[in-house]
Amino acid sequence: MKKTLLYIGFCIGSCALTYAQCSADSTKDLRLKEVVVNGKTGLDSIGESKPLSSLDEHLQKLSKVTMIKRGGYAWEPAVNNMATERISVTIDGMKIFCACTDKMDPVTSYVEILNLNNIHVGSGLAGNLHGTNSIGGGLDLKLQKAGFHSRKLSLTLNSAYETNGNYRVLGTGLTYSSPSFYMNSGAFYRKSNDYRAGNDERVDFSQFEKLNLFTNAGYKLSNHRALEGTIIYDVASNVGYPALTMDVKSAKGLITSLSYRQDSVSRVFSDWETKLYYNNIAHIMDDTKRPDVVMHMDMPGKSRTCGYYSTLNGKIGRHAFVVSQDTYYNQSLAEMTMYPKDVADKQMFMYTWPDVRTLNSGISFEDKYVLDLRNVLRVTSKLSFQRDGVESNSGYNTLQMYYPGMTHFQNRFLWNVNGKYTHYFKDVQLKAGAGYGTRAPSPTEAYGFYLFNSFDNYDYIGNPQLKNESSAEGNLCLALTKPRYSISLEGSYFYFSNYIIGKPDKSLSPMTLGASGVKVYGNLPHAKLFNVNLDTKVLFLRYFHWVNRAAFSLGEDNKQNALPLIAPFTYSSSVEYLRKKVFGAIEWQGAIKQYKYSPEYGEDETPAYSILNVSAGYDISFKHTVVNIKTGVENIFDRRYSTYADWNNIPRKGRNVFLSLTIHVL
Amino acid sequence: MNLIKKYNYIFFAIISLTVLLTSCSQDEVKVVTPAEEVTNLKLQKLQEFTRGDYTFYVYKKDTGNLVVGYNEVYIQLKNNKSGNYVENATLSWKPLMHMASMSHACPYSSIQKVSDTKTLYKGYFIFIMASDDTEYWEITYDYTSGNDTIVEVASRLTVNSATGRVRYKSFKGTDNVSYFLAMVEPAAPRVGTNDITAYLYKKVDMLTFNPVENYTVEIDPRMPDMDNHTSPNNVNLAYDAASGLYKGKLNLTMTGYWQVNLIVRNAGNAILKGDSITATTPASSIYFGIEF
């Protein structure tokens, strides 16, 4: 909390214009799907069918992103069917790592839609300039900043209600901008009771409550120099996880940053940003509300990260380049205290993340070379050094029982290189890319100790002697863009070597009561993953958009067995009507039966499903006020369904009627 | 690359600093008094008694009485005439249990000088029963030193039943011999790999208990509270001739209560006592308990 004080009172500041240009550039080249999550004015969100839905619901709609769901809250994002270990999730370039050993708190759960301006989804090795260990892709959550504009004060009031789960949302944001100073602050509150799946079946322990407070501010030091700062405090409490055996008492995140920006550094270098950041997450699980708890346990976890990055953009001739140096230091510590049935016996204590420390420092480079109007080549590369290990002596002694030769700390060298060629021919765009990169094992994979996975019912033990996992990636995209329609077909193929996954070790005895056994993380010789996405958009009758999306993925290990949590064929088709202030949409989405699944990792054949959603919206404006009303029904036919990504097949929401009201006072 | 090197340098600097700081032992020569020798080992006085010109001071490592099982006992001997503690004493002792109708001894060691001290001696007893008002343990000390020799200095001791978890077990083997197995280490167990040591004696007659050599004590640590969870890579106890101890490695994955199930095998590898743990046999007939 001391660190908070350090940041309180600072201000911020940004050359919003330059920044937007830069991200627009890379967005285009990276084919990042940039989605406006919450615009500065009501008009920005007119196209969103459910503007106040959770960040998870917004993420779920993005191409290549899938969400693994353990309850009503805090879903785990995956990009290209790769989850936390293989992707990087950053908040405005800041590294932040979850504090729960059971993945109950993906870092996306510590921000709120009102904090964000947009989300960059990056695919593959070149997915995130600020990413580390991100061989699958990356999400960068871009913060909402008022920016330096002419003097303006605006107020936003948000409220929403959903019938399913008696879900309430309240939020307010205040934005002030001037040419030399800006500040936007807000508070956002969500609370839901247990939701109901189709057929009016209540899903017990799916409740949650979340409060998010934030402030972004910026101060212009001179024409070309500015300071910017961010504080986000997010606290979720009483969060149920119906798919797991435990719930969460509280998950608190404090996210702070201070950055210095400068544009027009020299003739070659355009803008330069240096950011210092610190974040602290404290996560406390809770099993006291569950019936039939075999053994009560306390499982607190914390994750603290501090770091900086410095990014310089420049241009020489036809080369536009970005150089970035970044360093972070993370502490991940989780422990478990178990209370035996026989109260005469002492409590049992162990570290599940034995004070894992990670120092990573790297340099990344990106160059966009415009050969001519039709041909663009982009090369990215990152080299980084990582030192990770176990600080706790007790934890070290514990792991040494399993790995007598292990050392407290070890050094790793990580690198990646990726190239993408884009060719424009009339309305056709062809992109071909290839790359190779490595990632270090996560704290869980390297040092986790008896972490129970309720999906396959195994205890997992980390392996400090893991080799780095590597991925060779190839991708191809063909897009046709016409004024009235567009089609994009994109495929990516990842060939992993030393693929990190848990394998059963029959010699080890499980710790969790009722567990089937123990799996130890190891390197598979190889594995492969293939994704293909098709997106089409048709504009008809002037105001109608017909949007279709289909995706198919295939993941196999070295023995042609399916990898876990790989999406089957999924599709969605929607027709949207958008005319000035009126909005309407009907959406059909579903998936076919999951033919290829992994029994070894607890999966079964998820049946096909399809659901239908409708929504409508209207904007009313008078004088300085814009009122945006949205309403809709999700899962109209109250289908009971679950997807491949629902942990232990917990069913998703049944019929849900929502109403949201946003008032902007300009 | 420079950056990587820079970090390497920082780590080397930190590591070498740590090494320096921890290895800078104090080389000053300091005279350690007999009283300091006692406090250095954190010994607590159990009793003292005087015979002739000599006073015997008897210590043990913790407060309270001696207990059934393994007990380490320390001795200092003071010459009251000179006021000095005897530094090269030849000491011996014998335990004897006085019962109403009979008497018997127990397993015990000879008395050795405590290394790195001038005035301390130590040995151990493995008491096989507790004393009470009428039945008592008596230790008879002999000090041999020319004209100063004193023999059969008898001192009564209270021996309580052991409390807490089982650290001592007597059993009759399949060979119909009575065995006495007492755990010495771990005295302060920790999560991770622990040294586990024990003495194994057999009864020859009421007054003679001899150490047993070259047997094996197999261990299978389990947590009854955790569905008999066990740890990997434990090493069975094997006889170490130099110390007379059985030595092995015990791995404990967490704190709490551990039941270390035992199987004692003779030199011919035949089971004398103990059972393998299976789904239907959750505990061996002999085990040690460790709780921390």
Side-chain angles (χ1 to χ4, degrees), chain A residues 294-295 325-327 329 335-352 354 359-363 383-387 389 392-404 408-409 411 413-414 449-450 459 461 505 507-515 518 520, chain B residues 1-15 18-19 22 163-166 186 188-196 219-235 248-259 261 277-279 282 289-292:
Chain A
V294 189
M295 177 177 288
Q325 204 277 306
D326 78 292
T327 299
Y329 185 67
E335 57 184 50
M336 174 153 77
T337 306
M338 288 160 284
Y339 298 85
K341 270 170 287 178
D342 186 346
V343 289
D345 291 358
K346 281 197 174 163
Q347 294 162 14
M348 294 169 277
F349 175 87
M350 60 160 70
Y351 285 108
T352 46
L359 176 86
N360 184 299
S361 183
I363 187 156
L383 306 174
S384 65
F385 165 77
Q386 178 164 313
R387 184 171 172 80
S392 152
N393 278 326
S394 171
Y396 174 66
N397 292 336
T398 308
L399 283 167
Q400 258 206 332
M401 294 187 292
Y402 298 79
Y403 307 99
H408 255 294
F409 285 90
N411 298 334
F413 181 70
L414 307 159
F449 192 59
Y450 281 107
D459 279 334
I461 293 180
D505 184 336
S507 74
L508 298 179
S509 148
M511 190 275 302
T512 304
L513 302 175
V518 177
V520 177
Chain B
M1 289 304 277
N2 272 335
L3 188 90
I4 293 155
K5 277 184 187 156
K6 197 170 101 189
Y7 280 106
N8 265 334
Y9 286 137
I10 292 168
F11 284 118
F12 281 129
I14 292 167
I15 289 161
T18 321
V19 171
T22 48
T163 53
R165 300 301 182 180
V166 182
R190 57 166 209 185
V191 170
T193 303
N194 294 266
D195 287 325
I196 180 167
I219 52 170
D220 187 355
R222 298 281 176 162
M223 294 195 91
D225 289 314
M226 300 297 293
D227 240 352
N228 256 359
H229 163 69
T230 186
S231 60
N233 303 329
N234 293 287
V235 179
K249 298 280 183 195
L250 173 69
N251 285 327
L252 304 175
T253 57
M254 65 181 103
T255 70
Y257 172 52
W258 286 85
Q259 189 167 298
N261 295 288
I277 306 305
T278 61
I290 287 178
E291 192 168 28
F292 64 113

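In what follows, chains are A, B, ... by sequence order, proteins preceding strands, each numbered from 1.
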Angle between ring planes, B:H229 versus B:W258, binned at 30° and 60°: parallel, tilted or perpendicular? tilted
Hey, does the side chain of B:N234 reach the backbone of B:N251 with a donor-acceptor pair shorter than 3.5 angstrom? yes
Trace of the side-chain contact (heavy atoms from CB on, under 4.5 Å) decision for B:V191 with A:F349: CA-CA 9 Å; B:V191 170; A:F349 175 87; 6.0 Å; no
For a side-chain contact (heavy atoms from CB on, under 4.5 Å) check, start with the C-alpha distance between A:M401 and B:T253, then their side-chain angles and the critical distance, and finish with the verdict. CA-CA 8 Å; A:M401 294 187 292; B:T253 57; 3.7 Å; yes
Among A:K341, A:M336, A:M295, which has the most heavy-atom pairs under 4.5 Å with chain B? A:M295
For the candidates A:D342, A:V294, A:D345, which exhibits the highest count of non-hydrogen atom pairs separated by less than 4.5 Å from chain B? A:D345
Here the pair of heavy atoms bringing B:N228 nearest to B:P282 is ND2-O, 2.9 Å
With a 3.5 Å distance limit and no angle check, can you tell me whether B:R222 reaches the backbone of B:D225 through a side-chain donor-acceptor pair? no
Atom group of A:L513 that falls short of 4.5 Å from chain B, counting heavy atoms: both
Among B:K249, B:M223, B:R190, the residue with the most heavy-atom pairs under 4.5 Å to chain A is B:R190
Per-residue contact mode, A:F409 against chain B (heavy atom under 4.5 angstrom): neither
Turns out that what part of A:S507 lies under 4.5 Å from chain B's heavy atoms comes down to neither
With a 4.5 angstrom heavy-atom cut-off, could you sort out which part of B:N233 is near chain A: side chain, backbone, both or neither? side chain
Any side-chain to backbone donor/acceptor pair from B:N194 onto B:P189? Under 3.5 Å, distance only. no
Let's test your reading of the structure: which of A:P404, A:A344, A:S509 forms the most heavy-atom pairs below 4.5 Å with chain B? A:S509
Region of A:Y351 that comes under 4.5 Å of a non-hydrogen atom in chain B: neither
